[in-house]
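Working notes for the structure below.
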Amino acid sequence: MTDQPLLVVMRPDSSDYQTPFDNTRLCHQLDQLVTAGVLHVELAWAAHPRWPALVEAIRERYPKLRLGAASVSTLPALQEVADLGLGYAMSPLLDPALQSKARTLDCVLVPGVMTPSEIRSAQALGCSLVKLFPASVLGVDYRRQIAVPMGELPFMIAAGGLRCTDLVPWLEAGYNAIALGRTVFVDDALDPGMTPWLTG
């Protein structure tokens, strides 16, 4: 993510599972993201029988997109992500059992952390990347406040409640990457605030 420290999390709704995929709202929004130059997209995992087919449809339409899974918090979800060969997965929590299974499956699972203790526990489990969640609750100064007493921190992705206007201040505050949700869209059109940041 050093080439583009931005992830966009897409959470499919029931209409996004219809066929053909190119008639869905999700497809329309992904078209805009890819055209704008977004490289990293996470598709939120869902216990839906067509979720694997949706992953395949996205990969077929956007072969260069670096697609991962979001909201992975159970072993069955992690197994499905690994079976589909997705490049990475994000979790809203830190679960040692999930991390152990991810290593067995050779799957990159980024844990969600909130406290210094969780960050240190994630490092002890071998996690070099963590997701600070929910970032908007903790505030942009959180990393600075814990950096001195904690020392070396892992690669930190700020996620949860952030908007396009948060990109610059949060990156300038030392976060390594930012995850945004569907707030990148305004009335189904890509927020104009994204375009200069991606193409500038």
Side-chain angles (χ1 to χ4, degrees), residues 1-11 37-45 65-75 77-79 81-82 86-181 183-184 193-194 196-198 200:
M1 278 181 283
T2 54
D3 50 350
Q4 188 181 100
L6 167 68
L7 301 98
V8 177
V9 182
M10 304 299 289
R11 191 170 300 279
V38 171
L39 299 177
H40 310 280
V41 169
E42 300 172 44
L43 184 69
W45 182 85
L65 191 64
R66 299 170 191 174
L67 185 65
S71 303
V72 176
S73 59
T74 66
L75 291 172
L78 179 62
Q79 184 67 59
V81 167
L86 289 172
Y88 60 95
M90 297 273 189
S91 180
L93 48 82
L94 174 63
D95 183 331
L98 277 179
Q99 290 299 325
S100 177
K101 184 65 173 178
R103 285 192 294 275
T104 300
L105 296 171
D106 196 25
C107 177
V108 176
L109 177 64
V110 181
V113 296
M114 187 176 186
T115 66
S117 295
E118 288 177 335
I119 294 171
R120 187 63 78 231
S121 294
Q123 289 177 300
L125 290 170
C127 301
S128 57
L129 294 85
V130 299
K131 179 178 77 170
L132 185 70
F133 177 82
S136 62
V137 172
L138 296 168
V140 69
D141 289 331
Y142 185 76
R143 188 187 188 283
R144 177 186 58 79
Q145 291 169 340
I146 65 172
V148 173
M150 288 192 67
E152 185 177 354
L153 293 171
F155 188 101
M156 193 172 288
I157 303 165
L162 301 181
R163 297 180 172 274
C164 295
T165 52
D166 294 311
L167 283 167
V168 171
W170 282 72
L171 290 171
E172 287 180 346
Y175 297 91
N176 303 99
I178 310 297
L180 301 176
T183 59
V184 299
M194 286 280 288
W197 191 87
L198 291 168

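Values in this document were obtained by computation on a predicted structure and should not be read as measured data. Starting from 1, each residue takes its place in the sequence as its number.
Contact record, A122 with V113: CB-CG1, 4.2 Å, taken as the closest heavy-atom pair. Nearest heavy atoms, A97 versus L75: O-CD2, 4.1 Å. Listed here is the closest heavy atom pair of E152 and R120: O-NH1, 4.0 Å. Here the shortest heavy-atom pairing between A70 and V9 reads CB-CG1, 3.8 Å. Taking each heavy atom of P154 and C127 in turn, the nearest pair found is CB-O, 4.3 Å. Taking each heavy atom of L162 and A179 in turn, the nearest pair found is CB-O, 4.3 Å.
Side-chain contact between Q99 and L109 is present, with at least one heavy-atom pair separated by less than 4.5 Å. You'll find the side chain of D95 stays beyond 4.5 Å of the side chain of P111, heavy atoms only. The closest side-chain heavy-atom distance from L6 to L180 is below 4.5 Å. C107 is listed as a side-chain neighbour of L78, based on a closest heavy-atom distance under 4.5 Å. The side-chain heavy atoms of T183 and C164, taken from C-beta on, include no pair separated by under 4.5 Å. For the pair V8/H40, no side-chain contact is recorded, criterion being any heavy-atom separation below 4.5 Å from C-beta on. Put simply, the side chain of L7 reaches to within 4.5 Å of the side chain of Y88, judged on heavy atoms. In this structure, the side chains of I178 and P5 stay at 4.5 Å or more apart for every pair of heavy atoms.
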Which pairs of donor and acceptor atoms, one on a side chain in residues 129-146, lie under 3.5 Å apart (sequence neighbours left out)?
| unit_1 | atom_1 | unit_2 | atom_2 | d |
| --- | --- | --- | --- | --- |
| K131 | NZ | S91 | O | 3.4 |
| S136 | OG | G160 | O | 3.1 |
| Y142 | OH | M114 | O | 2.6 |
| R143 | NE | G174 | O | 3.1 |

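In this structure, a donor-acceptor pair under 3.5 Å is present between the side chains of S71 and R11.
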May I have the step-by-step check of side-chain contact (heavy atoms from CB on, under 4.5 Å) for L93 and L98, ending in yes or no? CA-CA 10 Å; L93 48 82; L98 277 179; 4.2 Å; yes

Take R66 and V41 through the side-chain contact (heavy atoms from CB on, under 4.5 Å) test and state the conclusion after the steps. CA-CA 6 Å; R66 299 170 191 174; V41 169; over 6 Å; no

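Atoms CG and CG, on L171 and D166 in that order, are 10.0 Å from each other to the nearest 0.5 Å. Here I157 contributes atom CD1 and W170 contributes atom CH2; the two are 13.5 Å apart, rounded to the nearest 0.5 Å.
For the pair S121 (side chain) and S117 (backbone), a donor-acceptor distance under 3.5 Å is present. N176 places a side-chain N or O within 3.5 Å of a backbone atom of M156 that can act as its donor or acceptor partner. Here the side chain of E42 pairs no donor or acceptor atom with the backbone of G68 at under 3.5 angstrom. Between the side chain of Q79 and the backbone N or O of K101, no donor-acceptor pair lies under 3.5 Å.
Within 6.0 Å of CZ in R103 there are more than 12 heavy atoms belonging to other residues, nucleotides or ligands.
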